[in-house]
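Right, one structure below, let's go through it.
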Amino acid sequence: MHDVTMMVYRFAAHGDLPAAAVDELRRAHDLKNQLVEIERRHAERVAEIWSRWPEVAAADEQVAAAEQRVAELAAEAAEQRKSARDRATPLAAAQLRAARAELRAAKARRRDIKSLVYAAAKPQLAEARAKRRREIKATYRQAIDGGLYWATYNDVVAGHDTAVRRVAEIRKQGRPANMRFRRWTGEGTLTVQLQRQAGDPPRTPATLADPAVSRWRNVAVLTPSHDPAVWETMTRGQRRRAARGTLRFRIGSGAAKDVVSIPVIVHRPIHPDADITMIRITRRRVGPKWRVWVSVVARVPAPTSAAGP
């Protein structure tokens with residue numbers, strides 16, 4: 001098997017997404033907030049378990065008081081910087097450093113106390129984690145019945161898991177971090193996954209561009225597919241004209257199932273032997289306008305390094 005590497009090709013789309021795709025973005029957004037709600041409930045359950053031990057509850061209060069003190073001093077130092085050419089007074093800076101040191105010490109004391117009672121708390125914490133997993137698993141049926149496409153569902157959940165790990169890592173570094181609800185702004189990302197079974201042909205750009213032969217034509221069709229050798233012979237004007245293409249992609253489930261199209265500028269060739277696994281469509285507001293980008297995720301042959309002398 002040849003060595004491969006993952007590569008993402010990013011192309012701009014012309015204009016905005018159709019209304020049906022924006023509705024799909026809203027469904028994905030609602031799922032994200034639902035997952036945040038699950039995390040917050042889980043955090044409350046874990047906090048309630050730990051609070052059954054008075055020494056842990058007291059340590060939590062000390063940490064909360066230290067965090068509040070740091071927040072107050074940080075705000076005070078920020079105000080001083082506004083009126084003192086970006087520098088807080090030495091006293092304010094010293095107080096903030098001392099408060100942060102006390103916060104770190106309070107968190108260390110809490111960790112030590114928790115370690116002493118962990119054996120007793122472990123079964124209850126394990127049940128809380130299991131309940132969290134069950135609640136997340138239940139969102140699949142709810143989301144699909146609500147009209148969300150399964151590939152976007154999987155991508156949202158994967159992104160949520162990454163965010164949870166990132167919050168945990170930030171907290172380990174002694175910095176505050178929480179999962180937050182997001183208001184609906186119209187922004188977001190849709191995903192299509194190109195599943196490949198044993199015996200299926202590679203998901204090359206040429207294959208995906210030809211609905212007559214592609215088994216993924218009901219999932220995604222991306223045109224045009226450029227021959228890199230021909231592309232190199234084109235003038236700039238020829239390339240601009242040749243780059244105008246279309247992405248047709250699947251959204252929704254049940255009554256919301258649909259296939260929508262957007263114009264895309266495929267401004268460079270995708271490797272002809274690329275095996276395309278996923279396509280993401282992202283919508284962002286830039287100034288007064290909506291901008292849409294298409295990201296094509298593919299496995300491509302790893303570049304070979306030239307042999308040294």
Side-chain angles (χ1 to χ4, degrees), residues 11-41 131-163 179 181-197 200 203 207-223 245-264 276-285 289-297:
F11 306 116
H14 264 318
D16 197 3
L17 290 177
V22 176
D23 290 342
E24 180 83 335
L25 285 176
R26 182 59 188 262
R27 290 189 284 268
H29 168 83
D30 291 344
L31 172 62
K32 291 177 183 179
N33 279 343
Q34 185 181 2
L35 292 171
V36 171
E37 184 178 355
I38 289 173
E39 292 301 329
R40 290 197 167 194
R41 285 201 301 267
K131 186 170 185 178
R132 170 188 174 272
R133 289 193 295 270
R134 290 194 298 270
E135 289 181 350
I136 291 177
K137 185 176 180 179
T139 63
Y140 177 80
R141 192 71 266 158
Q142 297 168 15
I144 301 307
D145 289 346
L148 187 65
Y149 184 40
W150 66 265
T152 295
Y153 172 88
N154 287 345
D155 211 26
V156 168
V157 172
H160 176 76
D161 290 341
T162 299
M179 301 295 295
F181 294 110
R182 303 287 183 177
R183 66 183 181 88
W184 168 244
T185 63
E187 298 184 335
T189 296
L190 303 178
T191 305
V192 290
Q193 293 180 355
L194 306 173
Q195 293 184 306
R196 183 182 178 193
Q197 305 297 328
D200 285 343
R203 297 157 288 190
T207 298
L208 295 188
D210 187 354
V213 301
S214 174
R215 69 173 301 276
W216 299 278
R217 57 185 171 272
N218 294 325
V219 178
V221 176
L222 176 62
T223 62
T246 302
L247 172 65
R248 294 178 62 249
F249 62 97
R250 161 75 188 274
I251 61 170
S253 62
K257 180 180 177 180
D258 201 354
V259 176
V260 298
S261 298
I262 56 175
V264 178
I276 298 172
T277 62
M278 180 185 300
I279 299 176
R280 290 189 175 98
I281 303 92
T282 299
R283 185 189 197 225
R284 295 282 182 267
R285 183 179 288 281
K289 296 183 178 181
W290 290 108
R291 302 293 187 189
V292 178
W293 292 272
V294 173
S295 299
V296 179
V297 182

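Just so it is clear, the values below take in all heavy atoms, side chains as well, and ignore hydrogens, waters and symmetry mates.
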Please determine, by modelled atom types, if T282 and T189 share a side-chain donor-acceptor pair under 3.5 angstrom.
->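 Present: a donor and an acceptor within the cut-off.
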
Do [X] and [Y] make a side-chain contact, defined as non-hydrogen atoms from C-beta onward lying under 4.5 Å apart?
{"X": "I262", "Y": "H14", "value": "no"}
{"X": "L17", "Y": "V260", "value": "no"}
{"X": "Y140", "Y": "V157", "value": "no"}
{"X": "T152", "Y": "L31", "value": "no"}
{"X": "K32", "Y": "R182", "value": "no"}
{"X": "N218", "Y": "V259", "value": "no"}
{"X": "T185", "Y": "R285", "value": "no"}
{"X": "H160", "Y": "M179", "value": "yes"}

Identify the heavy atoms of [X] and [Y] that sit nearest to each other, and give their distance.
{"X": "W184", "Y": "V22", "result": "CH2-O, 4.0 Å"}
{"X": "I144", "Y": "Y149", "result": "CD1-C, 4.2 Å"}
{"X": "Q193", "Y": "W150", "result": "OE1-CZ3, 3.0 Å"}
{"X": "V292", "Y": "G15", "result": "CG2-O, 3.7 Å"}
{"X": "S261", "Y": "T246", "result": "CB-CG2, 4.1 Å"}
{"X": "I136", "Y": "Y153", "result": "O-OH, 3.4 Å"}

Give, for atom [atom1] of [X] and atom [atom2] of [Y], the distance between the pair rounded to the nearest 0.5 Å.
{"X": "I279", "Y": "L190", "atom1": "CD1", "atom2": "CG", "result": "12.0 Å"}
{"X": "F11", "Y": "L222", "atom1": "CZ", "atom2": "CG", "result": "6.5 Å"}
{"X": "R284", "Y": "W293", "atom1": "CZ", "atom2": "CH2", "result": "8.0 Å"}
{"X": "K137", "Y": "I38", "atom1": "NZ", "atom2": "CD1", "result": "13.5 Å"}
{"X": "Q197", "Y": "R215", "atom1": "CD", "atom2": "CZ", "result": "6.0 Å"}
{"X": "E39", "Y": "R41", "atom1": "CD", "atom2": "CZ", "result": "10.0 Å"}

Candidate list V264, L247, L25, test side-chain contact (heavy atoms from CB on, under 4.5 Å), partner I281, passing option =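 Of the listed options, the one satisfying the test is L247.
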
Counting only heavy atoms not in R248, do more than 12 sit closer than 6.0 Å to its CZ atom?
->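 It does not: R248 CZ has 12 such atoms or fewer within range.
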
Where the side chain of [X] meets the backbone of [Y], is there a donor-acceptor pair that is under 3.5 Å apart?
{"X": "R250", "Y": "G252", "value": "yes"}
{"X": "R203", "Y": "L194", "value": "yes"}
{"X": "S253", "Y": "L148", "value": "yes"}

Charged N to carboxylate O under 4.0 angstrom, D16 versus K289?
->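 Between K289 and D16 there is no salt bridge, as every charged N stays at least 4.0 Å from the carboxylate O atoms.
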
Is the shortest distance from a Lys or Arg side-chain nitrogen in E24 or R27 to a carboxylate oxygen in the other one below 4.0 Å?
->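 Here E24 pairs with R27 in a salt bridge, since their nearest N and O are under 4.0 Å apart.
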
Validate the cation-pi geometry between R283 and W290: distance from NZ or CZ to the six-membered ring centre under 6.0 Å, angle to the ring axis within 45°.
->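 Judged by the rule, R283 and W290 form a cation-pi pair.
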
